[in-house]
Amino acid sequence: MDTPTETTETISSSQQSSRELTKQYNPFEVEDRWVKRWVDEPFTVDAHSDKPAFCIVIPPPNVNGNLHLGHAFDNTIIDTLTRYKRMKGFEALYQPGMDHAGITTQVQVERMLASEGVSRYDLGREGFLKRVWEWKEQYGGIILGQLQRLGASADWSRTRFTMDVGLSQAVRHQFVKLYHEGLAYKGERIVNWDPVSQTTLSDLEVDREERLGKLYTLRYPLADGNTEIRIATVRPETIFADQAVAVHPDDERFRDFVGKQVRIPLTDRFIPIITDEAVEMDFGTGALKITPAHDPTDFDIGERHNLARPSVIDLNAKLTSDLVPTQFQGLDRFTARDVVEAALAEEGTLVTTQDYTVPLGLSQRTKEPVEPILSEQWFVNTDAIAQRVLEGLDTGDITVHPERYGKVNRDWLANLRHWNVSRQLWWGHQIPAWYDPEGNIYVPDMDNPDLDCDDDPRYAHLELTQDPDVFDTWFSSNLWPFSTLGWPNTDDPYFKKFYPTSVLVTGYDIIFFWVARMEMAGYQFTGEKPFSDVLLHGLVLDEQGQKMSKSKGNGVDPLEVIAEFGADALRFAMTYASTGGQDIRWDGRRVEMGRNFNNKLWNAARFAMMYLDDGIDLDANAQLETLPDRWILSRLQRAVADVTDLLDTYDIGAANRRLYDFVWSEFCDWYLEAAKPALREGNTSTKAILGRVFTDILKLLHPLIPFITSELYEAFGFETQLGWATYPEVDDKLINPDAEQHFKNLQDAVTASRNLRTEANIAPNQEIPLVIGGNAKQVIDDNATVLESLARVKLQTEVKGASLSQIVPDLELTLPLEGLIDIDAWQARQQKRLASLQKDIAKSEKKLGNAKFVDNAPAEVVAEEKRRLEESKGLLAGIEASLAQLN
RNA sequence: GGGCGGUUAGCUCAGUGGGAGAGCACUCGCUUCACACGCGAGGGGUCGUUGGUUCAAAUCCAAUACCGCCCACCA
């Protein structure tokens, strides 16, 4: 980009208004300067102010992450709302921070180490963590700079990290409390095991997929040797861990089998036939092999029948157990399946195999098939607190937008299972539980949760070792809305001032991971909701409507977009596209729209400055002398009312579109053009009104596009920065329906004149005579200079010679036929108008002739229909007359 | 198996009961004294399909088709 940039010398505010603005807006120099300013003078908050509080905590990005479009989307919305509220007089806190992202970061650092040929075990726990912290210091926080580049008006002095001392204490406090309330417990359960990263995963971290596999029907011989029972399975390699065969209690087919013993194929072991309601009679053979250690359903059935639960698959997903015959020992689970199948066939216990779609769980991080294994882990009992959240959602204590996601939120909570919070990782909050050699558990007391048990004098006589596991990442981010504000210190002024927070803004894809868990933690630990509203937005998809992902390489890098178009243009594209939680397909044309809009605004400012070379004086005396002035002030009030309303209901996309339309189509296209005659005459009232309206426009737009608006505000000589200015309020006295109607007449006249000019092939810059007739003639006459300027015409009382007429509501315009005109084409077009009018008339007459319509429809609708009919009739007559005149 | 969203102009999308809109693309004309990242004048749609409710349906209801997403322990 070799566009010449302005000089960067410091200019005092009194000179700023005379600063030359480039013809084309160059966002880069401007944005860089404001980024620096907002970092040097962040939008800090005062916890003791009298202003009402407004607070949004950002979804903390991964500490080592890079800004992607999802962040850009989130933070644009967050910043827009925060800036809006700040200007509305709120003490508005944009609370920034980062997440340690346990498994993601650990996998990433391990990968880096692997390239050096080092594993985490080579370094040991302490050495490894040192490396992760080094990595965090080096790369962590890059994303904060990227958020700053986006224009985030955060209070950077309050930046928090989930592994900060204070936030780590919060996590510990949480666990200790849950433990002593009996809600955190250690239990042996079936968990999702990722054999690659060697850790358990919560259900949410497992992606369900369907793979083509086989359904095997096996023969389990009864002890008597004469009969058999057949079972269906997709995992024959797990038969060695079988503890029973189960059938449904009502299943007549197996009535005589229940209680008898069957032999597990390929072994000499016998297991009983039991009954359980969980068995589906219709599926497979109606008989199910029960393997408590390798299947959640089987585990539950095993619990009910007190079955043992031996494992035959180890942490590396290999068959290792005394129960496994030698020839299968050490085989990988998938290899084992084929080998076992062959052996079963040989033994004659394999009845059939058929192709079958097998559900498979994949680790979100490593994409490795997850192995359900039996393991002792820490769980959190969420039963009661989920109910409390459901109540909060039902009573409207928390409101989810759009509403349909409230149902998603609710349904998940209603079917929630206990949360496995322990992870076999090193990067994270190590679990504050200690064990003595006998395996007894020691957890710090509630009144001193930060005291390690191995430092506790009471246990000095014991050999205590701390649990090596760490907590699930979400077991710290669930506290984010209050841990960032000082909790567990409930006397912290920020906690007191800003909690509960106002709105939570995030993508619907983390409702379960994050939103619901914050809701639970909020009620559980603070006794209150963590936020009043949840604003969920959609995902940003690529041009083809596919999810963006690193592996597909179809991602759009927001930083590249900013580098090419500027952050305001990107922000514009993000808010423009946002509607009702819908996914948005990436479309670069929206960024160009933003870029073009910014340029338009920039040039409108340049124009305004030509007449406001002393800056803007908002106190200047201004009379509403001209129709354009009265009109734009009236339209401005409507824009302010609409936009305020839309932002208050979080409809940022509609607010953006409303302002785009107002600024471009009303202010630039009509007002600036219509005001030119008065401005050229030096009308001081019009100048003052131009200044006022433009100032309000900058304020209205500022939350959406903060850079250019701040720059222009400053360029007009305002000393306080725009971010701290007051948002416009509606002034009802300025709403002027008459002015709007009259200006509409003027617009009709201008458009019709231009249309006639085009029809008659008259050069755009050639001034031509025009005669006006009709009901609204007086309005036009009163504003003759405006019409003459906008349409390049000279009003006359009559036209000599051949002429062309155009009929619009309340007006007839006649133009001399000076240029060449394609009469046939003109007539054809008028005929088309006639046909359409005739249709309209017929329709209206039919409607008005319908007694049901006249009786049932609201009076104003009927009146409007009558007015429309009259108007159409008038237009029709006029056009017919002008056509006749031509002939 | 259950739930949700989408289907409107060539493209990307707004619009949720009273005569269909935007941006881009397209046609024609403009170096008009803020802006060619612009200005002006235009062309283009039986609002997926079928049925219903209503004086009135893109909009509400019910089916249906296609596209997409989420949830789920029939092995």
Side-chain angles (χ1 to χ4, degrees), chain A residues 21 23-25 190 208 215-216 231-235 246 278-285 287-291 295-301 356 358-359 372 402 404-405 407-408 411-412 415 508-509 511-512 538-539 541 543 545-547 565 569 576-577 579-590 592-610 653-654 657 660-661 665 668-669 672-673 676 680 750-751 754-759 761-765 791-792 829 839-840 843-844 847 850-858 860-862 864-865 868:
Chain A
L21 300 185
K23 190 171 172 183
Q24 202 170 72
Y25 175 53
I190 296 279
R208 298 278 153 196
L215 181 66
Y216 304 83
I231 61 94
T233 181
V234 295
R235 298 199 65 186
V279 180
E280 298 281 337
M281 290 194 275
D282 300 336
F283 186 85
T285 61
L288 173 64
K289 76 185 196 67
I290 304 301
T291 320
D295 184 277
T297 309
D298 293 6
F299 179 88
D300 293 343
I301 294 175
Y356 191 71
V358 183
R404 66 176 186 275
Y405 290 123
K407 189 176 176 314
V408 175
D411 289 350
W412 188 74
N415 300 301
Y508 65 74
D509 55 330
I511 293 175
F512 308 144
L539 276 29
L541 310 176
E543 291 95 328
Q546 307 284 314
K547 268 189 194 171
F565 295 95
Y576 181 86
T579 32
Q582 221 65 268
D583 287 346
I584 52 178
R585 202 188 281 222
W586 180 256
D587 186 345
R589 291 175 299 185
R590 284 193 283 258
E592 288 176 31
M593 264 180 102
R595 190 255 329 252
N596 296 351
F597 179 72
N598 294 336
N599 192 55
K600 188 76 179 175
L601 185 68
W602 182 259
N603 277 289
R606 289 178 64 215
F607 173 80
M609 267 178 209
M610 288 171 34
R657 283 174 243 122
Y660 179 90
D661 202 49
S665 306
C668 290
D669 285 352
L672 291 184
E673 296 302 325
K676 277 177 181 175
R680 288 193 188 120
V750 170
T751 304
R754 288 169 175 169
N755 178 278
L756 282 171
R757 177 191 294 278
T758 302
E759 299 288 357
N761 274 319
I762 297 167
N765 55 356
R792 299 233 165 187
R829 192 163 299 170
K839 236 187 202 170
D840 290 349
K843 215 167 171 181
S844 289
K847 250 185 182 178
N850 180 353
K852 282 181 177 173
F853 171 73
V854 179
D855 294 345
N856 292 324
E860 60 267 26
V861 173
V862 177
E864 172 63 16
E865 196 61 44
R868 199 177 268 151

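The figures here come from the full heavy-atom set of this structure, side chains too, leaving out hydrogens, waters and symmetry mates.
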Got a donor-acceptor contact below 3.5 angstrom from the [X] side chain to the [Y] backbone?
| X | Y | answer |
| --- | --- | --- |
| A:Arg757 | A:Ala791 | yes |
| A:Asn856 | A:Lys852 | yes |
| A:Asp295 | A:Ile290 | no |

Identify whether any heavy atom of [X] sits under 4.0 Å from a base atom; if not, whether one sits that close to sugar-phosphate; answer base, sugar-phosphate or nothing.
| X | value |
| --- | --- |
| A:Glu864 | nothing |
| A:Val234 | sugar-phosphate |
| A:Tyr660 | sugar-phosphate |
| A:Phe565 | nothing |
| A:Phe597 | nothing |
| A:Arg235 | nothing |
| A:Arg868 | base |
| A:Pro858 | base |
| A:Asn850 | sugar-phosphate |
| A:Arg754 | sugar-phosphate |
| A:Asp583 | nothing |

Side chains of A:Asn603 and A:Arg606: is there a donor and an acceptor less than 3.5 Å apart?
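Judged by distance alone, the side chains do pair up.
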
Give a yes or no on whether a donor-acceptor pair under 3.5 Å exists between the nucleobase atoms of [N], that is its base, and the side chain of [X].
| X | N | value |
| --- | --- | --- |
| A:Arg589 | B:C11 | yes |
| A:Arg404 | B:C4 | no |
| A:Glu673 | B:A34 | yes |
| A:Lys23 | B:C35 | no |

Considering just the side-chain nitrogens and oxygens of [X], establish if one lies under 4.0 Å of OP1 or OP2 belonging to [N].
| X | N | answer |
| --- | --- | --- |
| A:Lys547 | B:C70 | yes |
| A:Asn755 | B:G40 | no |
| A:Arg585 | B:U12 | yes |
| A:Thr758 | B:G40 | no |

Residue [X], side-chain atoms from C-beta onward, closest of [options]:
| X | options | result |
| --- | --- | --- |
| A:Asn856 | B:U32, B:C55, B:A75 | B:C55 |
| A:Ala232 | B:A75, B:G23, B:C55 | B:A75 |
| A:Gln24 | B:C37, B:C69, B:A34 | B:C37 |
| A:Asn603 | B:C35, B:A22, B:G3 | B:C35 |

Nearest-Å distance once atom [atom1] is located in both [N] and [M]:
| N | M | atom1 | result |
| --- | --- | --- | --- |
| B:G29 | B:G19 | P | 37 Å |
| B:U27 | B:G43 | P | 15 Å |
| B:C24 | B:U31 | C1' | 24 Å |
| B:G17 | B:A25 | P | 33 Å |
| B:G2 | B:G10 | C1' | 39 Å |
| B:U49 | B:C66 | P | 16 Å |

What's the CG-P distance between A:Asp300 and B:C73, to the nearest Å?
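Taking CG of A:Asp300 and P of B:C73, I get 11 Å after rounding.
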
